[in-house]
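Structure, as C-alpha cells:
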Number of protein chains: 2
Amino acid sequence: MNDNIKPQQCKVVNALDTLLGKWKPIILQHLLAEGTLRFNELRKRMPNITQRMLTLHLRELEEQDLINRVVYPQVPPKVEYSLTEYGKTIEPLMEALHQWGKSHLQHIENVKKSDLTKDEGNKEASIH
Amino acid sequence: MNDNIKPQQCKVVNALDTLLGKWKPIILQHLLAEGTLRFNELRKRMPNITQRMLTLHLRELEEQDLINRVVYPQVPPKVEYSLTEYGKTIEPLMEALHQWGKSHLQHIENVKKSDLTKDEGNKEASIH
DNA sequence: CTGGATCCTTCACGATACTG
DNA sequence: CAGTATCGTGAAGGATCCAG
C-alpha cells in the first residue's frame, strides 16, 4: 500500500503478525519443548487459556504450516499436535526473543534503580 | 505458581509485549535507519498513523528506555526522537525477525503452490 | 476428548477537534 | 509544530453451552 515504508519493516511486521495472538508463542514453546502433545495436554499446560482460544490459535498455526494436526479416528477422539519440520525453524527466533526479553527486564530494573539515586528528568536540550 | 510453564515462555512474551503495538516496530525501524527524526518527520514516513497513536507509541518506547525524546524549548516547538544506546540493541533482533518474516512469506508461497499440484489434505493417522 | 456455536466484554486503535 | 482531549469502532479475547 505504501512505498515509504521500508521493505524491512513490512517483513518484521509480517513475522510478528504470524507469531502473534495472545497464546501462540506459548503454544509454540510447549511444542518445541515437548515434541508432540494432545489437545488436553496443551490445555493443562496453559491453565488460563479457554478451549476456544486454544482451538483458534492451533488452527491459525496449522494454517501457517507451523504445526501438524493429526486426528486419530477413534472414540473418544484423540488429536495430536506437533511442530512441522518447518515450524522448528522458529527455534532460534524464539531463543533470540527470549534472550532479549530477559535482558530487557534486567535493564528496566536497573534503569528504575538509577532513577532513584540520580536526579533525572532534565532532558531538555540547552539553548546557547 | 506453575512450574509446567517454562521460564522461557514468559520472557518471549515479555519481549513481544514491549515491542508491540501496531506501530512500534515501524517507528523503531525508522529510527534505526535514519538516526534522529523530528515528530513530523516520523509522521511523514508513516502516512497512515494518526498523531495520537504516534504520540502514544513514542511515549511507551521512551518509557521502555528504547528511545530518547529531546525537547527544544523554542517556538514553534521542536522535538527530536532517536534510539538510546540501549535501544540500539534491538537491531539484531529486528534483523532476525525481518529475515524470518521474509523467508516465511516465501515458504507460505511454496506451500500454496504445492497444495495445488499435489493431492494433500489426508492428515488422518492410519490405524493398523 | 475435542471442538463448534453464541453471546458478551474489553481495549487498542482511529477520527476529529482543539491548543500553547 | 507537537502535541492533548473526546468520542467512537471493530476485532480479539473470554464465558458458556452444546455435540459427535
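Note that the structure is a prediction, hence the values are computed from the model and not measured. Chain identifiers are assigned alphabetically (A, B, ...) following the order of the sequence lines, protein sequences preceding nucleic acid strands; residue numbering begins at 1 within each chain.
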Tell me every residue that passes side-chain hydrogen bond (donor to acceptor under 3.5 Å, both in side chains) with [X], counting only those two or more places apart in sequence or in another chain.
X	result
A/Lys24	A/Glu60
B/Glu85	B/Lys88
A/Gln99	A/Glu95
A/Asn40	A/Arg43

For [X] and [Y], work out which heavy atoms get closest and say how close.
X	Y	answer
B/Gly87	B/Thr84	N-OG1, 2.7 Å
B/Met46	B/Trp23	SD-CE3, 4.4 Å
A/Ile67	A/Leu58	CD1-O, 3.4 Å

Outermost DNA chain C nucleotides near chain A [under 4.0 Å, heavy atoms]: C/dC1 to C/dT6
Nucleotides bounding contact with chain B, strand DNA chain D, heavy-atom threshold 4.0 Å: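 For DNA chain D, the relevant span reads D/dC1 to D/dT6.
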Which residue lies more 5' along DNA chain C, comparing A/Arg59 with A/Pro77 via nearest heavy atoms: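 Its nearest nucleotide lies further toward 5', so the answer is A/Pro77.
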Touch class at under 4.0 angstrom, heavy-atom based, for A/Arg43 against every strand present: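 Since no nucleic acid heavy atom lies under 4.0 Å of A/Arg43, the category is nothing.
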Sugar-phosphate only, base, or nothing, as touched by A/Arg38 at under 4.0 Å among non-hydrogen atoms: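 Sugar-phosphate contact only.
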Contacts of type salt bridge (charged side-chain N to carboxylate O under 4.0 Å, His left out), residue B/Lys22, not counting sequence neighbours: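 Not a single residue meets the salt bridge (charged side-chain N to carboxylate O under 4.0 Å, His left out) criterion with B/Lys22.
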With sequence neighbours excluded, residues passing side chain to side chain contact (heavy atoms under 4.5 Å, CB included) with B/Glu91: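 B/Leu32.
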Given DNA chain D, 5'-ward residue of the pair B/Tyr81 and B/Arg52, judged by closest heavy atom: B/Tyr81
5'-most by nearest nucleotide on DNA chain D - A/Lys22 or A/Gln51: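 Per heavy-atom nearest nucleotide, the more 5' residue is A/Lys22.
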Base-pairing string, 5' to 3', of DNA chain C - Watson-Crick or wobble, under 3.5 Å, | interstrand: ||||||||||||||||||||
Partner residues of A/Tyr81 under the ring-ring contact (aromatic ring centres under 6.0 Å, His included) criterion, sequence neighbours left out: none
